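Numbering of ligands and ligand atoms starts at 1, following listing order. As the structure is a computational prediction, the values presented were derived from the model and not from experiment.
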Amino acid sequence: MESTLSPELTEHLEAARARASAATSNEDLRAIDRDYAGKGGVVAGLLAAIPTLPPEERRDAGQGANRLKQAIAALLDERRAELEADAIAEARTGKGFDPSLSIPAPARGSLHPVTSVTRELEDIFTSMGYKVLDGPEVELDSYNFERLNIPADHPARDMHDTFWCEVTGAERDSRMDLLLRTHTSCVQVRAMEELAPPFRVVVPGRVFRQESVDASHEHTFHQMEGLVVAEGLTVGHLIGAMKTFLREVFRREIEVRLRPGYFPFVEPGFELDARCPFCPKPGAGCKVCKHTSWVELCPCGMVHPAVLAKSGIDNEKYTGFAFGLGLSRLVMLRYQIDDIRHLMGGDQRFLSQF
Ligand code: FA5
């Protein structure tokens with residue numbers, strides 16, 4: 001790069017190199033950078049002079065000034081690395097160690113937005129008497145489907161494009177029943193097996209579907225399941241629980257509406273929508289709710305009596321309600337994130353905003 005510089009530019013570069021070699025701190029290097037690449041610096045002066053040159057010389061002059069800028073940036077980087085290496089070597093020997101110098105604060109991580117919202121929801125539900133449960137991500141077909149009233153040939157399986165696990169070794173041909181759970185509803189069955197009614201549980205967790213990914217669909221996303229089983233529960237209790245939880249999340253009363261929804265493990269089943277909390281006035285419509293003034297929040301319903309019976313719960317005595325919150329979508333709503341792919345993408349520029 002340097003060989004293509006004109007004699008005048010080479011002179012500037014050599015002067016900068018001499019100053020960089022003599023530099024003993026980052027502050028010295030920043031001063032050189034300011035003098036050459038900064039506002040009013042050498043490169044800015046060269047660029048400012050271009051209009052005064054004959055037209056045929058302007059292109060070369062512009063390119064030359066940019067090459068000089070790049071060459072100086074490269075030599076400053078090189079010198080910065082040398083100074084850092086020297087400082088590390090000195091620190092190792094203890095020579096030149098000045099205990100009174102302040103050290104830069106180490107970069108600190110922060111909670112992932114999904115973790116923050118999950119913890120917040122766990123606190124809210126715990127304060128409402130719910131227990132937080134966990135379940136395996138690699139799950140049995142029977143928990144993910146069969147015992148939720150979704151037998152092998154049921155069309156509802158098409159709603160979940162499933163990642164099936166290949167088992168190797170001795171069980172290779174006999175085990176065709178392992179999958180990555182497609183929803184957190186499988187933990188409903190585990191809860192019913194383990195707990196005696198009455199009980200209330202929530203289950204946050206990662207779920208997996210073989211989906212085409214776009215701004216609102218991921219193959220790996222988070223849900224939070226809720227299940228309450230007790231005597232005398234009705235749809236009124238379900239709506240009450242949802243409204244209480246929304247009031248806590250958005251710190252004000254949020255109107256909800258139920259639309260019919262079909263899920264084989266609840267009857268009746270609903271889609272619960274919330275009045276968009278981001279509209280400037282309730283009902284006004286905005287970008288978040290795509291001008292409908294409602295946001296789809298979570299499917300829910302009364303636990304199907306057959307599902308209770310399959311897990312040994314007396315369905316004459318007990319009823320239950322369940323909901324399956326799209327946690328990733330709630331995180332997006334909460335922070336107004338317009339593309340779900342940011343959540344699992346691992347991009348530091350996105351994550352450092354939280
Ligand atoms: C279910 O998964 C049911 N298990 C929910 C349920 C639980 C119904 C209890 C009744 C009782 P669904 O497939 O609609 O339902 O997913 C639930 C929520 O997960 C959706 O409302 C949506 O917010 C979220 N979701 C679904 N697919 C994706 C995806 N690919 N990416 C991100 N979020 C998704």
Side-chain angles (χ1 to χ4, degrees), residues 113-114 117-118 121 130 133 135 137 139 143-150 154-163 179-192 200-229 233 235 237-239 241-242 245 256 258-274 288-289 294-308 319-334 337-345:
V114 172
V117 172
T118 304
L121 295 188
Y130 286 69
L133 289 192
E137 291 182 339
E139 188 50 288
Y143 288 94
N144 197 80
F145 291 128
E146 286 279 344
R147 289 175 63 181
L148 288 169
N149 253 356
I150 317 177
H154 198 287
R157 287 205 179 201
D158 297 344
M159 285 151 68
H160 296 210
D161 290 320
T162 309
F163 287 109
L179 46 82
L180 294 186
R181 66 179 179 192
T182 58
H183 52 176
T184 42
S185 298
C186 41
V187 192
Q188 279 191 35
V189 182
R190 292 183 176 274
M192 288 189 265
R200 305 168 203 197
V201 296
V202 280
V203 187
R206 225 161 40 140
V207 302
F208 310 85
R209 291 187 196 173
Q210 203 164 348
E211 297 228 12
S212 340
V213 168
D214 61 27
S216 49
H217 294 86
E218 256 291 13
H219 49 70
T220 303
F221 57 98
H222 289 77
Q223 290 186 336
M224 183 180 264
E225 196 77 8
L227 172 68
V228 180
V229 179
L233 289 179
V235 174
H237 293 100
L238 165 63
I239 297 174
M242 293 289 92
F245 135 74
V256 298
L258 292 180
R259 290 177 288 119
Y262 174 66
F263 304 91
F265 40 97
V266 287
E267 180 56 40
F270 307 105
E271 289 285 354
L272 183 134
D273 299 335
V288 176
C289 60
W294 292 98
V295 286
E296 225 179 89
L297 201 69
C298 86
C300 53
M302 301 305 292
V303 182
H304 197 296
V307 172
L308 292 172
T319 47
F321 66 77
F323 52 90
L325 198 63
L327 193 53
S328 304
R329 300 239 174 106
L330 185 68
V331 173
M332 292 170 74
L333 258 184
R334 186 63 187 274
I337 298 167
D338 59 2
D339 193 323
I340 196 169
R341 289 168 288 198
H342 290 309
L343 292 180
M344 293 288 108

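Residue contact check: Val266 has heavy atoms under 4.0 Å from atoms 11 (C) of ligand 1. Near Ser216, meaning under 4.0 Å from one of its heavy atoms, ligand 1 places the atoms 31 (N), 32 (C).
Regarding atom 30 (N) of ligand 1, its nearest protein heavy-atom neighbour is Glu218 O, 3.0 Å. Nearest protein heavy-atom contact of atom 22 (C) of ligand 1 is Arg329 NH1, 3.2 Å. Ranking protein heavy atoms by distance to atom 9 (C) of ligand 1, first place goes to Glu225 OE2, 3.4 Å. Here the protein heavy atom with the shortest distance to atom 5 (C) of ligand 1 is Pro299 CG, 3.7 Å. Closest to atom 28 (C) of ligand 1 among all protein heavy atoms lies Phe221 CZ, 3.3 Å. Looking from atom 15 (O) of ligand 1 to the surrounding protein, the closest heavy atom is Phe263 CE2, 3.5 Å.
Under 4.0 Å from ligand 1, the heavy atoms of Gln188 that appear belong solely to its side chain. Contact annotation: for Glu211 versus ligand 1, heavy atoms closer than 4.0 Å belong to the side chain alone. Only the side chain of Phe265 comes within 4.0 Å of ligand 1, judged by heavy-atom distances. Here Ile340 has side-chain heavy atoms under 4.0 Å from ligand 1, and that is the only part of it that gets that close.
Checked against a 3.5 angstrom limit, the closest N/O atoms of Gln223 and ligand 1 fall inside it. Annotation: Ser185 places an N or O atom under 3.5 Å from an N or O atom of ligand 1; distance criterion only. Considering backbone and side-chain atoms together, Glu271 places no N or O closer than 3.5 Å to any N or O of ligand 1.
Figure legend: Arg181 and Tyr143 shown without cation-pi pairing, the cationic atom not lying both under 6.0 angstrom from the six-membered ring centre and within 45 degrees of its axis.
The residue among Arg209, His160, His183 with a heavy atom at the shortest distance from atom 12 (P) of ligand 1 is Arg209.
A tilted orientation is assigned to the rings of His183 and Phe145, their planes being inclined by 30° to 60°.
A donor-acceptor pair under 3.5 Å is absent between the side-chain atoms of Thr182 and the main chain of Arg209, judged by distance alone.
The closest approach between a heavy atom of Cys300 and any atom of ligand 1 is below 4.0 Å.
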